[in-house]
Structure formats: C-alpha cells, structure tokens
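Input: a single structure, listed below in structure tokens.
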Amino acid sequence: MRLLLIRHGQTPSNLKHLLDTAAPGPALTPLGQEQADALPTALAEEKIGALYASTLLRTQLTAEPLAARTGLEVRVRDGIRELSAGDLEMRGDDQAVETYLTTAFAWSAGDTGLRMPGGENGVEALRRFDAVVEEAAGTGARTVAMVSHGAAIRMWAAARAENVDVGFAARHALRNTGVVILSGAPGEGWRVHTWAGRSVGPTAGVPGASGPAGEAVEGVEA
C-alpha cells in the first residue's frame, strides 16, 4: 500500500506556536484554506482510493478539497489525531515544546512506556495510529491519504519506517500540508520514499542527532 501522510493546513494556534491538541481544535486560517485548496493539484498524480482525517476540525477542513476532487468520503478517525499534550496543552514556551517533542521521539526510539505529562504514553499513541493504518490496509485501496498532524506523523514514521531514524524525524519539521509518502503494509514494514518533497535514501538520519538524547528537535506542529 502507498500511504500519504499529510499534515493539516495552517491554524491560528500554529501562528502562535501553541501546543493545541484537544478536540475539536481551531479551524484553518485563510492561508491554511489556500494550502488545503492546493492539495488536489499537488497530489494530482496520486490515485487515492481511501481518504482519512482525524477528529480535529483542521484535518477535516484540509481533507475537504481532496474529497471533492476524488469523490471519496472522508473517514474520520480518532486514532490519527495529534499526540495529546496533556498538561502542556496551549503552552508555547521552549520548555513545554522541548518536553513534548522529546517525549514523542522517545516513543519512536522505543521508550513507549514514557508518558506525556498528564497525557498518553507511547504504547497508546502508536496503538491508535497503527489501528487506523491497519484499517486502511484492509480497504484494499492501493493508495491511501491520511490528513493528520505534524508530531503524530513524525513520531509514527520514525517508529515504523525502516529507513527513517529518530534523528532525521526530529530534525526535519513538517510544514503545513507537508506530505510524507511511504509504502508497505502492517506486519511487513514501511519505507519512506519522500519527506515533504525530499527524496529519502536507504537510511535517512544524522549521526548522533537522535532527538531524545538531547539534540535539537524542530517545530511546534500541533
């Protein structure tokens, strides 16, 4: 299966650099709507057979132009919502952002028992995202698009793709409506082909830049 993981369009909270992860969340800014409207053209070569969005409003609004172009129903699933910020919700200070992203990438590195302060742990976050991917694979669609969230996409891709390590995901923020394209299947493994338009080689990573070990992590993406 070809899997397109798409970050939603810009929101007011993105402009303020806030960890805004609770439902239903904000709508899109005018620029965010323009970004969503551009997706059908950007993905015109993709033969999308199933389309998903999270339970947060911004992903559903981002998916609407794709739904109109493809004629597909948007399947709304809680499993691909943003990683819960817990006690860090609606904060944008450096300490909160560092804690949030370092925790998320620790999950990718295998420390799935670690819990976001006041929020979910890695077992729970990966399980819910995996469940939606497994459902999508069961549809029989050869290409599936999922409109999700920056931290969730980066965390899941680093945890599940064999050729993307935590260092790469931690150092490569995903801008609004950025797309990560993978191929694979549940139980068989995944490979990233492109990350926001950048071709990804056999093993994408930066030596020593593993995120949870203390290196820089980029981007408030919720």
Side-chain angles (χ1 to χ4, degrees), residues 4-43 51-69 73-105 107 116-120 124-125 128-129 132 145-158 169-180 195-197 211 216-222:
L4 315 180
L5 298 179
I6 306 166
R7 190 188 173 203
H8 59 80
Q10 186 192 73
T11 72
S13 292
N14 292 153
L15 290 173
K16 297 176 182 177
H17 305 292
L18 299 177
L19 294 168
D20 185 353
T21 70
L28 302 177
T29 64
L31 175 58
Q33 188 60 58
E34 291 179 13
Q35 292 167 336
D37 290 340
L39 276 174
T41 299
L43 299 177
L51 177 60
Y52 288 78
S54 83
T55 45
L56 302 188
L57 177 61
R58 54 192 178 270
T59 63
Q60 297 168 48
L61 294 174
T62 303
E64 283 181 357
L66 274 176
R69 193 264 286 180
E73 172 190 2
V74 179
R75 307 181 190 208
V76 177
R77 299 291 185 269
D78 185 65
I80 55 172
R81 62 175 163 78
E82 184 58 292
L83 307 177
S84 172
D87 295 340
L88 307 176
E89 186 72 13
M90 298 306 291
R91 286 177 57 181
D93 56 282
D94 290 346
Q95 181 179 0
V97 172
E98 181 178 3
T99 298
Y100 180 80
L101 290 175
T102 300
T103 301
F105 290 124
W107 299 343
M116 195 72 72
E120 62 191 333
E124 295 160 345
R128 62 176 171 82
F129 207 106
V132 183
M146 293 186 179
V147 185
S148 183
H149 305 263
I153 292 170
R154 292 165 74 194
M155 183 278 297
W156 187 85
R171 294 177 63 88
H172 289 81
L174 194 62
R175 295 184 178 181
N176 294 108
T177 61
V179 184
V180 176
W195 186 287
V217 290
E218 294 186 358
V220 177
E221 298 184 333

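Keep in mind that what you see is a predicted model, and the values were worked out from it rather than measured.
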Requested in this report: Go through His149 and Arg58 one step at a time and tell me if the side chain to side chain contact (heavy atoms under 4.5 Å, CB included) criterion holds.
Outcome: CA-CA 9 Å; His149 305 263; Arg58 54 192 178 270; 3.6 Å; yes

Query - Pair Ile80-Trp156, side chain to side chain contact (heavy atoms under 4.5 Å, CB included): steps then yes or no - result: CA-CA 10 Å; Ile80 55 172; Trp156 187 85; over 6 Å; no

Requested in this report: Could you walk me through whether Ser148 and Leu5 pass the side chain to side chain contact (heavy atoms under 4.5 Å, CB included) test, one step at a time?
Outcome: CA-CA 7 Å; Ser148 183; Leu5 298 179; 5.7 Å; no

Report task. Would you check, one step at a time, whether the test side chain to side chain contact (heavy atoms under 4.5 Å, CB included) holds for His172 with Val180? Result -> CA-CA 11 Å; His172 289 81; Val180 176; over 6 Å; no

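The heavy-atom pair separating Ala125 from Leu83 by the smallest distance is CB-CD2, 4.0 Å. Listed here is the closest heavy atom pair of Leu174 and Ala196: CD1-CB, 3.9 Å. Residue Pro12 comes nearest to Ala27 through the heavy atom pair CD-O, 3.3 Å, listed as atom of the first residue, atom of the second, then distance. Gly92 and Val97 make their closest contact through O-CG2, 4.0 Å (heavy atoms, listed as atom of the first residue, atom of the second, distance). Residues Gly79 and Val132 share a closest heavy-atom pair of CA-CG2, 3.7 Å.
Remark: side-chain polar atoms of Thr59 are not paired, donor with acceptor, to backbone N or O of Ala53 under 3.5 angstrom. Looking only at distances, a side-chain donor or acceptor of Arg154 sits under 3.5 Å from a matching main-chain atom of Ala170. Remark: the backbone N or O of Met90 is not paired with any side-chain donor or acceptor of Asp20 at under 3.5 angstrom. Under a 3.5 Å cut-off, the side chain of Gln10 and the backbone N or O of Leu15 do not form any donor-acceptor pair. Judged by distance alone, the side chain of Arg69 and the main-chain N or O of Leu43 form a donor-acceptor pair under 3.5 Å. Between the His8 side chain and the Ala222 main chain, a donor and an acceptor come within less than 3.5 Å of each other.
Taking the side chain as every heavy atom from C-beta outward, Leu66 and Ile6 approach each other to under 4.5 Å. Residues Glu89 and Thr21 form a side-chain contact, since some pair of their non-hydrogen atoms from C-beta on lies under 4.5 Å apart. The shortest side-chain heavy-atom distance between Thr99 and Arg91 does not fall under the 4.5 Å cut-off. Considering only heavy atoms from C-beta on, Met146 stays 4.5 Å or farther from Arg77 through its side chain.
One finds the CD atom of Gln33 at 10.5 Å from the CG atom of Leu31 (value rounded to the nearest 0.5 Å). To the nearest 0.5 Å, atoms OG1 (Thr29) and CG (Asn176) are separated by 7.5 Å. Taking OH of Tyr100 as the start and CG of Leu19 as the end, the distance is 6.5 Å to the nearest 0.5 Å. Expressed to the nearest 0.5 Å, how far OG1 of Thr177 lies from CG of Leu39 amounts to 5.0 Å. Separating the CH2 atom in Trp107 from the CD atom in Glu124 is a distance of 8.0 Å, to the nearest 0.5 Å. In this structure, Thr103 OG1 and Met116 CE are separated by 5.0 Å, a value rounded to the nearest 0.5 Å.
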